[in-house]
Amino acid sequence: MADILKGLNEQQRAAVTAGDGPVLVLAGPGSGKTRVLTHRIAYLAQERNVRAWHIMAVTFTNKAAREMENRVLGMLGESGKLDGLSIGTFHAICARILRVEADYTTFTRDYAIFDTEDQLAVMSHVVGDLNLDPKTNTPRSLLSKVSAAKNELIAAREYQPSEYRDEKIRRAYQRYDELLRENNARDFDDLLMHTVQLFQQNADVLERYQRRYQYVLVDEFQDTNIAQYTLVRLLAGERRCLFAVGDPDQSIYAFRGADYRNVKRFAEDHPDAQVIMLEENYRSHQAILNAAMGVIDQNTDRTKKNLFSQRKKGPLATIYEAYSEDDEAHYVVETITDLVSKGEYKPGDFAIMYRTNAQSRALEDGFRRANMPYRLVGATSFYSRKEIKDVMAYLRLTHNPSDNVSFERIVNVPTRGIGQKTIETMITWARDQGMSPPQALFMLLDDKIDSPLSSRARAALVGFAKMLQEWRRVRDDLMPAELISKVLKDTGYISYLDDGTEQGQSRIENVLELRGYAERYNGLPLVTFLEEISLVSDVDTPEDDLNRPSLMTLHSAKGLEFPVVFITGVEENILPHSRSIAPERRPGITEDERQEGIRAVEEERRLMYVGITRAEQRLYLLYATMRSLYGDSRSNLPSRFLYDIPDAARNGSDLPRRGVTEGERRSYQAMTTWAAPASYLTRSEETPKSSAKTRFRGGDVVFHAKYGEGVVISAKVAGGLEQVDVMFPGIGGQKTIIADFLKKVES
DNA sequence: CTGACTAAGTTTTTT
DNA sequence: ACTTAGTCAG
């Protein structure tokens, strides 16, 4: 007991030792959330004699799951009480349940799991099948609607269209699900929704799992969606032994269905829940926390938290105004060099965070120029590389011949004379025969079968079919790695990649790395390998402990901490991202759209908050006055979030003034030449152009994304566009701006 | 059927 | 700027 509770504060202990009822741990950043959950598992196993078999712990990523498992093992490993403990992501746990309970579902045990790319391929077929206009109904947009519905547990036949556009979505959803079924495949959202359906439709199955999982613990609860929350409630059942840990202020995945209101729902659904708040921060010193609170306090619809730290005082947040992204990179590299040479920090103590992956480029250049090694976190994941996906498609098709997406992916890779036309003929023919294309492919092996294919095309397809048949024959006798070797050899895939370029070489290395990785599955069935690869985003990076500065997006910084943190590109249009502030710039939007815009900016604010709170000792916030984006050079204003940081918590560059003072407004107003309303004009003056009403008039205070606040001098409509002359004190000059780019500021 | 050209569209990311 | 999807001549 002493061991497990050692080093925990009173609230943390209360959480770890809480009784069997529902428990909600609401905790700030750096308060030891995950630690509490880890200790809770060890406590249950050791002190309460709960068999590990009865415990299910859900984490946000696979990596977090592995780390948690290791830590629990470290705490009570020798007692060997962890048999059967389930730690993993929702998706991994659901995938396994669906496989084990396949008899209760309409999919076979061998079902494939489709990732985003596969999903897009399926949805493209849907657009074709339904003759939808791909301009207005892109596969991507349809998919996001379907995914949102699934996340809310709305099945295709329950989807209620409320307007005409939704009717198309409903049909697309239906067709999409049909195609998945034909492929014997589920997408990520299905894993969750189908598991919920399995439990809802089979009381006996649910009861079995409720008996098994008597303790359900969920980490990062603010990032769960409705499906996940429903699942957790079903499992907890009458016992309601739910233990959820989260921080609504760190919810940054709403864009993919996470709903931080689950936290509120949990409290409402469990009125007797024990709610434990952890506010003490063990990570950062107070100045950093004050900066973080200044930013997050601007969000509405939240419970205010008072973050405090007993750490000794540390430096204030430094704001640096760079000229450009190159200067930004330069400043980062210089600062690191300086702090390292003083012996205060080692290279691995630094992290550089940014909103978008595209921003890493200039930083990488900077590091390379200075000959400083760095670590790039995330970016293109190993498993989303083309060459890896190709090889995986071969294995998946071998395992599940109904997988049309994999079939279409590699039927002509490397090129073997099977072109678009042949594939089309083949698919049409297969459909006419009531078979899947891969099934039809095997039919071609029989000479007597008639088909509309040319003899050349048929010969090419037969060659491919023979290979596939051979792989299917040996798949149970070979280890996964051996099967990969055979596929590579039979298809000549390696020489296909070897195009003499460096890129080709690195692709070959990647494929060989995949084969090396598959060695770990020696003795395990192919399906285990396939399933785990589908549910994992990236390979273990053994260089994780490399002593280098890390570059990452703010999203991938979640859960991490570093002594020194730089956040770059803290600018309007980047953080908050232009897409999230688009609604507030657009005039004449509906109330719903406006609310949507506010929600989007609040999520950006939480992202900024997550970034700031990663810092233990030093925090640098950078913005550039000039930055190249999509080719041309643009300038952004410093992010609104910077202005929310209290003066007492920051030093460095002074932020440019954003507003218009009363004195400036009056003096600029004196310059105004009113655009006279139409009623003031005589008939002769009333030309079609000038009679149009302007939205702005002299004296209005307006906001422009680039120049900040200004005062309208005059406005006129010409060529169908409202042109507004505005005086901007921020730049000390006058500009003519199209009205659409201006927003009225309430004064 | 393949390689070369052109147009379009650019968040965040884990599963 | 840069990738990538789609079109077209060889």
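Chain identifiers are assigned alphabetically (A, B, ...) following the order of the sequence lines, protein sequences preceding nucleic acid strands; residue numbering begins at 1 within each chain.
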task = Using atom CG of A:N225 as one end and atom C1' of B:dT13 as the other, report the distance to the nearest whole Å.
result = 14 Å
inquiry  = Does A:S628 reach a base, just sugar-phosphate, or nothing at all? Heavy atoms under 4.0 Å.
reply    = nothing
ask   = Taking CZ from A:R355 and C1' from B:dT13, how many angstroms apart are they, rounded to a whole number?
value = 10 Å
message = Measuring to OP1 and OP2 of B:dT2, would you say a side-chain N or O of A:N412 lies under 4.0 angstrom away?
response = yes
query = Does A:N62 put a side-chain nitrogen or oxygen below 4.0 Å from OP1 or OP2 of B:dT15?
reply = yes
ask   = Where the side chain of A:H577 is concerned, which of B:dT12, B:dT15, B:dT11 is the nearest nucleotide?
value = B:dT11
query = Are the charged groups of A:E596 and A:R599 less than 4.0 angstrom apart, N to O?
reply = yes
query = Where the side chain of A:N357 is concerned, which of B:dT13, B:dT14, B:dT15 is the nearest nucleotide?
reply = B:dT13
message = Can you see if the side chain of A:R186 gets near the phosphate of B:dT15 - specifically, an N or O under 4.0 Å from OP1 or OP2?
response = no
ask   = 5'-most contact on DNA chain B: A:R416 or A:T553, nearest heavy atom basis?
value = A:R416
query = How close or far is atom P of C:dA1 from atom CG of A:D365, stated in whole angstroms?
reply = 14 Å
ask   = So, is A:S580 close to the B:dT11 phosphate, meaning a side-chain N or O under 4.0 Å from OP1 or OP2?
value = no
query = Choosing from B:dT15, B:dC1, B:dT13, which nucleotide comes nearest the side chain of A:T422?
reply = B:dC1
query = So, do A:F255 and B:dT11 meet the stacking rule of ring centres under 5.5 Å and planes under 30°?
reply = no
task = Could you check how far CD1 of A:I113 sits from C1' of B:dT14, rounded to whole Å?
result = 13 Å
key: d(CG, A:L461; C1', B:dC1) in whole Å   = 13 Å
query = Sub-3.5 Å donor-acceptor pair from the side chain of A:D326 to the main-chain atoms of A:G366, do we have one?
reply = no
query = B:dT14 P sits how many Å from A:Q119 CD, rounded?
reply = 16 Å
ask   = Which of these nucleotides, B:dT15, B:dT14, C:dC2, is closest to any side-chain atom of A:R361?
value = C:dC2
message = Side chains of A:N573 and A:N636 only: does a donor on one sit below 3.5 Å from an acceptor on the other?
response = yes
inquiry  = Within the 3.5 Å criterion, strictly below it, is a donor on A:Y493 or A:D390 matched to an acceptor on the partner's side chain?
reply    = yes
ask   = What nucleotide among B:dT14, B:dT12, B:dT10 has an atom nearest to a side-chain atom of A:H555?
value = B:dT12
ask   = Can you name the ring-ring contact (aromatic ring centres under 6.0 Å, His included) partners of A:H91, sequence neighbours left out?
value = A:F188
ask   = Between A:T89 and B:dT14, does any side-chain N or O lie under 4.0 Å from OP1 or OP2?
value = no
query = At under 4.0 Å between heavy atoms, what does A:Y253 touch on the DNA or RNA strands: base, sugar-phosphate, or nothing?
reply = sugar-phosphate
note = Whole-Å distance, A:R605 CZ to B:dT11 P, equals 23 Å
Contact nearer the 5' end of DNA chain B, comparing A:I252 with A:F90 = A:I252
request  = Check the distance between B:dT15's C1' and A:R96's CZ and give it to me in whole angstrom.
outcome  = 15 Å
ask   = Just checking, is any N or O donor in the side chain of A:E117 or A:Q119 under 3.5 Å from an acceptor N or O on the other one?
value = no
